[in-house]
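Report on the structure given below.
Letters go in sequence order (proteins before strands), and every chain restarts at 1.
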Protein chains: 2
Amino acid sequence: MNDNLDAGVSQFIGYNMKRALTVVQADLAQVLAEFGLRAVSYSALLVIVRTPGISQSDLADVLRIEKSNLVQLIDELANRGLVTREPVPGDRRRHALIPAKAGIALAEAATRAVQAHEDRVFAALSMLERATLVHLLRRVWAMPVRA
Amino acid sequence: MNDNLDAGVSQFIGYNMKRALTVVQADLAQVLAEFGLRAVSYSALLVIVRTPGISQSDLADVLRIEKSNLVQLIDELANRGLVTREPVPGDRRRHALIPAKAGIALAEAATRAVQAHEDRVFAALSMLERATLVHLLRRVWAMPVRA
DNA sequence: TATTGTTATACTCTATAACTATA
DNA sequence: TATAGTTATAGAGTATAACAATA
């Protein structure tokens with residue numbers, strides 16, 4: 001394609017993955033900023049809404065981030081009245097993360113915006129092609145690479 | 001798929017793109033570390049080898065990074081004897097980036113390792129599927145998203 | 001002993017502003 | 001005035017170690 005512009009790096013699959021993701025992330029960040037959210041805080045909120053009562057440790061595992069980096073993130077969501085930390089009967093170490101009404105509403109509105117964002121960003125692909133793309137990507141991340 | 005594990009975020013194409021890229025980047029970093037390179041320094045070296053005489057500004061444009069962040073990177077490559085900064089006749093502001101013999105050799109060896117890395121990381125996909133993946137990704141990053 | 005939430009910290013990556021020398 | 005290279009710095013994002021409370 002433009003081998004003299006990028007000197008052949010565009011032959012690599014990883015290069016094209018990164019470049020496409022950069023486009024997607026830039027647009028997503030703009031969309032979520034209107035809700036006062038970043039990608040990671042949107043994900044956290046959505047998981048809490050759909051898994052009420054999840055603990056911070058389990059949430060960190062699901063989001064594949066460090067639990068220490070989740071503390072301030074949950075602080076933000078809690079300060080905005082989107083979620084609450086509730087005591088868990090039987091284990092006083094854990095906090096159950098419970099979505100507040102405002103959190104549920106924001107997650108729903110943001111999810112609609114994210115779906116619109118994906119429709120826009122992947123408009124060049126047909127629905128079938130989008131399904132193919134997801135299928136191929138899943139097989140990449142689902143595959144064990146090293147022992 | 002595991003909608004109760006990730007609470008539905010895996011429905012998003014962007015989520016699958018990021019997750020796949022994380023796997024790819026982790027493996028690539030390991031591979032390039034054996035050559036004392038990061039992804040960005042490998043890309044820079046490869047472009048210099050295939051576009052001898054390119055200036056730092058033009059290289060920054062190709063790599064889509066800030067020229068200020070290129071200075072130390074080129075310092076490293078130069079200190080290792082992989083490239084040199086040569087004066088450009090007719091414009092004393094510019095430096096022509098010239099690959100040294102060691103730089104050409106390292107770029108070739110690293111490129112073979114990167115190709116082996118891609119063969120390994122995308123082993124779950126047939127050659128046709130890899131071509132399809134690249135084609136779909138290119139159409140995503142080539143598409144203008146916002147005006 | 002191990003786990004949960006927390007704090008502090010360090011390290012990488014990236015972006016921006018300002019400077020110099022040249023054009 | 002504008003551009004190439006450079007320096008310094010600041011902001012994200014992420015990773016690690018240590019701690020108190022609890023299991």
Side-chain angles (χ1 to χ4, degrees), chain A residues 14-15 18-19 21-26 28-30 32-33 36-44 47-48 51 53-79 83-98, chain B residues 14-15 18-19 21-26 28-30 32-33 36-44 47-48 51 53-79 83-98:
Chain A
Y15 170 84
K18 179 173 182 187
R19 195 146 168 200
L21 184 60
T22 300
V23 171
V24 172
Q25 283 179 325
L28 178 65
Q30 275 194 293
L32 289 176
L37 295 170
R38 293 170 297 147
V40 66
S41 48
Y42 166 69
S43 303
V47 173
I48 293 168
T51 322
I54 191 172
S55 70
Q56 288 185 199
S57 283
D58 289 347
L59 180 57
D61 287 346
V62 170
L63 299 177
R64 271 161 273 272
I65 65 176
E66 293 300 315
K67 61 185 171 141
S68 60
N69 292 327
L70 198 55
V71 177
Q72 293 187 49
L73 196 160
I74 300 297
D75 285 348
E76 279 178 34
L77 297 180
N79 289 338
V83 305
T84 57
R85 283 189 250 234
E86 304 291 340
V88 171
D91 191 340
R92 288 194 297 173
R93 295 172 303 178
R94 275 183 149 81
H95 303 161
L97 298 171
I98 305 294
Chain B
Y15 170 85
K18 180 173 181 187
R19 194 145 169 203
L21 184 60
T22 300
V23 171
V24 173
Q25 283 179 324
L28 178 65
Q30 275 195 294
L32 289 176
L37 295 171
R38 293 169 297 147
V40 66
S41 49
Y42 166 69
S43 302
V47 173
I48 293 168
T51 322
I54 191 172
S55 70
Q56 287 185 200
S57 286
D58 289 346
L59 179 56
D61 287 346
V62 170
L63 299 178
R64 269 161 275 271
I65 65 176
E66 294 300 315
K67 61 184 171 143
S68 60
N69 292 327
L70 198 54
V71 177
Q72 292 188 50
L73 197 161
I74 300 297
D75 285 348
E76 279 178 34
L77 298 181
N79 289 337
V83 305
T84 56
R85 284 189 249 233
E86 304 291 339
V88 171
D91 191 340
R92 288 195 296 173
R93 296 172 303 178
R94 275 182 150 82
H95 302 161
L97 298 171
I98 305 294

Among [options], find the nucleotide with the atom closest to the side chain of [X].
X: A/Arg93; options: C/dA2, C/dA15, D/dT3; value: C/dA2
X: A/His95; options: C/dG5, D/dA23, D/dT16; value: C/dG5
X: A/Val71; options: D/dT6, C/dA23, C/dT6; value: C/dT6

Practice task
State, without any angle test, whether A/Arg38 and A/Tyr42 hold a side-chain donor-acceptor pair at a distance under 3.5 Å.
Solution key: no
Measure the distance from [atom1] on [X] to [atom2] on [N] and round it to the nearest whole Å.
X: B/Lys67; N: C/dA18; atom1: NZ; atom2: P; result: 14 Å
X: B/Asn69; N: D/dT7; atom1: CG; atom2: C1'; result: 12 Å
X: B/Leu63; N: D/dG5; atom1: CG; atom2: P; result: 13 Å
X: A/Leu97; N: C/dT6; atom1: CG; atom2: C1'; result: 14 Å
X: B/Leu59; N: D/dT6; atom1: CG; atom2: P; result: 12 Å
X: B/Leu73; N: C/dA15; atom1: CG; atom2: C1'; result: 16 Å
X: A/Leu70; N: C/dG5; atom1: CG; atom2: C1'; result: 10 Å
X: B/Arg64; N: C/dA15; atom1: CZ; atom2: C1'; result: 17 Å

Counting only side-chain N and O atoms of [X], is one of them less than 4.0 Å from OP1 or OP2 of [N]?
X: B/Arg85; N: D/dT6; answer: yes
X: B/Arg94; N: C/dA23; answer: no
X: A/Arg38; N: D/dG13; answer: yes
X: A/Ser57; N: C/dT4; answer: yes

Practice task
Look at all strands and tell whether B/Gln56 reaches a base, only sugar-phosphate, or nothing, counting heavy atoms closer than 4.0 Å.
Solution key: sugar-phosphate
Quick one: closest heavy-atom pair of [X] and [Y], and the distance?
X: B/Glu66; Y: B/Ala60; value: C-CB, 4.2 Å
X: A/Ala96; Y: A/Val88; value: N-CG2, 3.5 Å
X: A/Leu28; Y: A/Ala39; value: CD2-CB, 4.1 Å
X: B/Leu97; Y: B/Gln56; value: CD1-CG, 3.9 Å

Practice task
Hey, which sits more toward the 5' end of DNA chain C by its nearest nucleotide, A/Lys18 or A/Asp91?
Solution key: A/Asp91
Fill in the blank from the handout: Comparing B/Ile54 with A/Gly90, nearest DNA chain D nucleotide closer to 5' gives the residue B/Ile54
Handout entry: Upstream residue (5' side of DNA chain D) when A/Arg92 and A/Ser68 are each assigned their closest nucleotide
Key =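 This one resolves to A/Ser68.
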